[in-house]
Asks: 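The structure follows.
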Amino acid sequence: MDWYTIVKFLHVVSAVLWVGGGFVLFLLGLLAERAGKIEDKLQALRASGLLGGRFFAPMSMLTLIFGLIMCGFWVGFSELWIVIGLAGYATTFSIGMLVFKPTGERMGAMVAKEGVTPAVLAIGQRMMSWARFDYAVMLVIIADMVLKPTINDIGILAGMVLVMAAGAALALGGSRQMVPSAA
């Protein structure tokens with residue numbers, strides 16, 4: 001076994017833990033939202049906040065570091081799929097640091113001070129909207145890493161653009177207010 005294979009393995013494992021773990025939390029929140037179960041949704045949001053800095057951020061950084069090592073020593077940085085992957089990473093990392101982290105902290109403080117209020121639920125709904133877009137970006141990154149498109153792969157690139165547009169549409173369209181259920 002060579003060093004490239006070891007670094008590639010570590011890159012993939014950290015990416016699976018980062019993206020897969022986050023997707024499970026997103027799915028739990030989505031299922032709770034659709035069922036109208038506010039407490040379950042808040043629990044998923046709390047878990048996201050708790051794991052964000054302790055698990056997701058380190059896994060995303062390890063994914064980046066191992067990817068940069070592979071590019072620096074073996075692959076290079078000039079391929080289109082590398083540029084798309086780095087742009088996607090920058091996008092999802094920015095969403096995490098500029099939206100999820102501060103919003104989760106603000107929600108936690110609001111719940112501790114005032115309990116679950118309509119304002120907290122509205123903030124949680126906005127976070128779910130951002131999560132829809134974030135996972136569209138992650139899907140594009142995964143497709144990019146597997147398919148490794150070049151400028152000539154118009155169908156793949158068009159598909160990536162459509163996934164991003166669908167993610168943006170779901171994010172904008174998923175902003176309906178979650179109301180407490182009677183159950």
Side-chain angles (χ1 to χ4, degrees), residues 1-30 44-45 47-106 126-172 174:
M1 184 175 318
D2 61 356
W3 281 106
Y4 176 77
T5 303
I6 293 168
V7 173
K8 183 176 172 182
F9 171 76
L10 294 171
H11 174 70
V12 170
V13 167
S14 57
V16 166
L17 292 172
W18 169 37
V19 175
F23 186 74
V24 168
L25 287 177
F26 168 72
L27 189 57
L28 288 173
L30 189 63
L45 290 169
S48 295
L50 180 67
L51 293 173
R54 295 182 182 128
F55 181 75
F56 297 123
M59 286 300 109
S60 75
M61 290 304 295
L62 285 173
T63 301
L64 176 66
I65 289 166
F66 292 130
L68 291 174
I69 291 170
M70 283 189 301
C71 289
F73 286 104
W74 297 286
V75 179
F77 292 93
S78 62
E79 299 289 331
L80 178 61
W81 65 274
I82 298 291
V83 174
I84 291 171
L86 289 171
Y89 178 87
T91 301
T92 191
F93 185 80
S94 296
I95 291 169
M97 296 308 290
L98 301 174
V99 176
F100 294 150
K101 184 180 186 308
T103 304
E105 290 170 353
R106 184 170 49 142
R126 283 193 296 275
M127 277 185 69
M128 285 298 292
S129 293
W130 275 101
R132 287 177 175 93
F133 180 70
D134 190 52
Y135 272 93
V137 173
M138 288 192 182
L139 183 59
V140 167
I141 295 169
I142 292 167
D144 180 61
M145 293 291 113
V146 172
L147 302 173
K148 298 178 179 21
T150 66
I151 195 70
N152 298 320
D153 294 317
I154 303 301
I156 293 170
L157 297 172
M160 290 175 164
V161 169
L162 286 174
V163 168
M164 294 289 291
L170 285 172
L172 294 172

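This one's a predicted model, so the numbers in the text were calculated from it and none came from an experiment.
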Asks: Let me confirm one number: the CE-CH2 distance from Met160 to Trp81, rounded to the nearest 0.5 Å.
Replies: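 Here the rounded value is 11.0 Å.
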
Asks: Return a table of donor-acceptor pairs under 3.5 angstrom between the side chains of residues 146-158 and protein atoms on other chains or two or more places apart.
Replies:
residue : atom : partner : partner atom : Å
Lys148  : NZ   : Met145  : O            : 2.5
Thr150  : OG1  : Asn152  : N            : 3.3
Thr150  : OG1  : Asp153  : OD2          : 3.3
Asp153  : OD2  : Thr150  : N            : 2.8

Asks: Report yes if some heavy atom in the side chain of Ser129 is under 4.5 Å from a heavy atom in the side chain of Arg132; otherwise report no.
Replies: yes

Asks: Over all heavy atoms of both residues, which pair between Ser60 and Phe93 is shortest? Give the atoms and the distance, please.
Replies: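 That would be OG-CD1, 3.9 Å.
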
Asks: Under 4.5 Å between any side-chain heavy atoms of Val137 and Met164, yes or no?
Replies: yes

Asks: Using a 3.5 Å cut-off and no angle test, enumerate the donor-acceptor pairs between side-chain atoms of residues 12-28 and protein atoms at least two apart in sequence or in another chain.
Replies:
residue : atom : partner : partner atom : Å
Ser14   : OG   : Leu10   : O            : 2.9
Ser14   : OG   : His11   : O            : 3.0
Ser14   : OG   : Thr63   : N            : 3.3
Ser14   : OG   : Thr63   : OG1          : 3.1

Asks: Between Phe77 and Leu86, is any pair of side-chain heavy atoms under 4.5 Å apart?
Replies: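 When only atoms from C-beta onward are counted, Leu86 and Phe77 do touch, with a gap below 4.5 Å.
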
Asks: Take Tyr4 and Phe73, measure what side chain to side chain contact (heavy atoms under 4.5 Å, CB included) needs, and give me the verdict at the end.
Replies: CA-CA 8 Å; Tyr4 176 77; Phe73 286 104; over 6 Å; no

Asks: If you measure from CZ on Phe66 to CD1 on Ile6, what distance do you get to the nearest 0.5 Å?
Replies: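 Going from CZ on Phe66 over to CD1 on Ile6, the span is 11.0 Å.
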
Asks: Using 0.5 Å steps for rounding, measure from the CG atom of Leu170 to the CE atom of Met128.
Replies: 11.0 Å

Asks: Give, for atom CD1 of Ile69 and atom NZ of Lys8, the distance between the pair rounded to the nearest 0.5 Å.
Replies: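 The NZ atom of Lys8 is 15.5 Å from CD1 of Ile69, to the nearest 0.5 Å.
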
Asks: Is any side-chain heavy atom of Phe133 closer than 4.5 Å to a side-chain heavy atom of Ile95?
Replies: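 Contact flag for Phe133/Ile95 side chains = yes.
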
Asks: A quick test of your reading: do over 12 heavy atoms of other residues, nucleotides or ligands sit less than 6.0 Å from CH2 of Trp74?
Replies: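 Yes, enclosed.
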
Asks: Quick check against the 3.5 Å criterion: does Asp144 have a side-chain atom that pairs as donor or acceptor with the backbone of Gly85?
Replies: yes

Asks: Give me the atom names and distance for the closest heavy-atom approach of Gly167 to Ala136.
Replies: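 Result for this residue pair: CA-CB, 3.5 Å.
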
Asks: Mind checking the OG1-CE spacing from Thr91 to Met138? Nearest 0.5 Å is all I need.
Replies: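 The CE atom of Met138 is 10.5 Å from OG1 of Thr91, to the nearest 0.5 Å.
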
Asks: Nearest 0.5 Å, please: how far is OH in Tyr135 from CD1 in Ile141?
Replies: 10.5 Å

Asks: Looking only at heavy atoms, which two atoms of Gly52 and Pro58 are closest? And how far apart?
Replies: O-CD, 4.3 Å

Asks: Between Met59 and Leu62, is any pair of side-chain heavy atoms under 4.5 Å apart?
Replies: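 Sidechains of Leu62 and Met59: in contact.
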
